[in-house]
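Have a look at this one.
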Amino acid sequence: MLRNYSNSRTLGDNIRLGTLTAFTAGTINIASLLIFLSFTSNVTGHYAILAAEISKGNWSQVAIMGSWIFLFFFGSFLSNFIVINFNKKSKYFAHAMPLVLEILCLFGVGVYGQLYYQKTLEETEVLVAIMLFATGLQNGLTASISNFSVKTTHLTGTTTDLGILVSMFTQKKYRKNGELIGRAKLLLSIMLAYVLGAVFSGLTYYYLEFRVFYVISMCLMIVIGYDAYKIHVRHFNTKYRYNRIYKKPNLLAYLYEKIHGIPKSKKNRKLVFED
């Protein structure tokens, strides 16, 4: 989900990344609405409030709305900054780091809310700001590594794109286009996952309260852990094949052979470089 970058990503990579992160975005948005009476997975409504407060001359609220919008922007900026500057050194590190920062933000909101939150206006404004920064990180990351194919913190553009695709499918020639069909599957999976996350948050909040942010953090850990597991298995298989072909001692391959035994081949084949 995180290792591949831009055009090297498959449809499966994007669907897995899109569904998991859309589920967390929906969960975050409804949790913040129930707790703080504010949406935090997008800034469309905040722009409208900003304009209204400017027209009223309420400059303290203008500053708050402006800071919230900036933090969402800065989260997206920071995600892509990390990706483009560390991508050559380690794709996995560059793509996982924004999610690690998001987890820290959400976990911190959960801990503070559960132990210290006094429901003051100042606390609410700060916690909403942190959550907007976290969702900005997520949206920036998914858009950056997927070549802008995956955006999961809001559904305005997703719904628009899906509507356009459905209208195109009214013509037979577009219904046979595999790329368009794959795009529609991706958008539909993101929409369904977002709604499921929102429903899950609404049903469980009254039991979990701020602990719902721990659940969200666990979902994001799955995204990070999946690729870490795949990298580990691929590294192990490479080491094992290296040992079997070139007859080099390798601890991992030795332990594997002790546990599973040395596979028996039907014919004794001699490799060219064994001579």
Parallel, tilted or perpendicular: ring planes of F73 versus F77, cut at 30 and 60 degrees: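 Correct class here is parallel.
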
I28 CD1 to I216 CD1 distance, which is reported to the nearest 0.5 Å: 4.5 Å

Any donor-acceptor N/O pair, E53 side chain to M65 backbone, under 3.5 Å: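 Checking the backbone N and O of M65 against the side chain of E53, no donor-acceptor pair under 3.5 Å is found.
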
Heavy-atom donor-acceptor pair, N87 side chain to A94 backbone, under 3.5 Å: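 A pair under 3.5 Å: no.
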
Atom OH of Y205 with >12 non-hydrogen neighbours under 6.0 angstrom: yes

Minimum side-chain heavy-atom gap Q114-E209 below 4.5 Å: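 Heavy-atom side-chain distance check fails, nothing below 4.5 Å.
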
Distance-minimising heavy-atom pair for A25 and Q138: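 The pair with the smallest heavy-atom distance is CB-NE2, 3.7 Å.
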
Shortest non-hydrogen separation from T19 to A193 and the atoms involved: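 Closest approach of T19 to A193, heavy atoms only: O-CB, 3.2 Å.
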
CZ (F107) with more than 12 external heavy atoms under 6.0 Å: no

Within 6.0 Å of CZ in F133, more than 12 heavy atoms from elsewhere: yes

Residue pair I35 / T124, side-chain heavy-atom distance below 4.5 Å: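 No. Closest side-chain heavy atoms not under 4.5 Å.
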
Residue pair V111 / Y214, side-chain heavy-atom distance below 4.5 Å: yes

Pair I15-I190, side chain to side chain contact (heavy atoms under 4.5 Å, CB included): steps then yes or no: CA-CA 8 Å; I15 288 179; I190 289 173; over 6 Å; no

Whether W68 side chain and T40 backbone form a donor-acceptor pair below 3.5 Å: no

Under 3.5 Å: donor-acceptor pair, side chain of N139, backbone of T135: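 Not a single qualifying donor-acceptor pair exists.
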
Aromatic plane relationship, F70 with F74 - under 30° parallel, 30 to 60° tilted, over 60° perpendicular: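 F74 vs F70 ring planes: parallel.
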
Minimum heavy-atom distance between A184 and F169, given as atom pair plus value: CB-CE1, 3.8 Å

Whether Y117 and F36 hold their rings parallel, tilted or perpendicular, with breakpoints at 30° and 60°: perpendicular

Qualifying side chain to side chain donor-acceptor pair (under 3.5 Å) pairs with a residue from residues 184-193, counting only residues at least two apart or across chains: none

Heavy-atom side-chain proximity of V83 to M97 below 4.5 angstrom: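 When only atoms from C-beta onward are counted, M97 and V83 do not touch, as no gap falls below 4.5 Å.
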
Main-chain N/O of A198 paired with S201 side-chain donor or acceptor, under 3.5 Å: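 No, S201 side chain to A198 backbone: no donor-acceptor pair under 3.5 Å.
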
Reported NE2-to-CG distance for the pair H46 and L71, which is rounded to 0.5 angstrom: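 Result: 11.0 Å between the selected atoms.
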
Side chain T142, main chain V150, donor-acceptor under 3.5 Å: yes

Check: T120 main-chain N/O paired with E123 side-chain donor or acceptor under 3.5 Å: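 Yes, because the side chain of E123 sits within donor-acceptor range (under 3.5 Å) of the backbone of T120.
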
Over 12 foreign heavy atoms within 6.0 Å of CE, M168: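 For M168, atom CE is crowded (more than 12 foreign heavy atoms under 6.0 Å).
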
S38 backbone acceptor or donor facing S32 side chain under 3.5 Å: yes

Distance-only side-chain donor-acceptor flag, Y194 / T153, under 3.5 Å: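 Absent: no donor and acceptor within the cut-off.
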
Any donor-acceptor pair under 3.5 Å from R183 side chain to S149 backbone: yes

Considering all heavy atoms, the nearest T24-C219 contact: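 Closest approach of T24 to C219: CG2-CB, 3.4 Å.
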
Residue pair T158 / D161, side-chain donor-acceptor N/O under 3.5 Å: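 Note: T158 and D161 side chains miss the donor-acceptor criterion.
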
Sole residue of L17, L162, I181, N14 in side chain to side chain contact (heavy atoms under 4.5 Å, CB included) with L186: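 With L186 as partner, side chain to side chain contact (heavy atoms under 4.5 Å, CB included) holds for just one option, N14.
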
Proximity of Y112 and F210 rings by center, below 6.0 Å: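 Centroid separation for Y112 and F210: 6.0 Å or greater.
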
Any donor-acceptor N/O pair, S79 side chain to G140 backbone, under 3.5 Å: no

F93-F86 aromatic ring centre distance below 6.0 Å: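 Yes - the distance between ring centres of F93 and F86 falls below the 6.0 Å cut-off.
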
Minimum heavy-atom distance L106-A134, with the two atoms named: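 Nearest pair, atom of L106 first, then A134: CD2-CB, 4.2 Å.
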
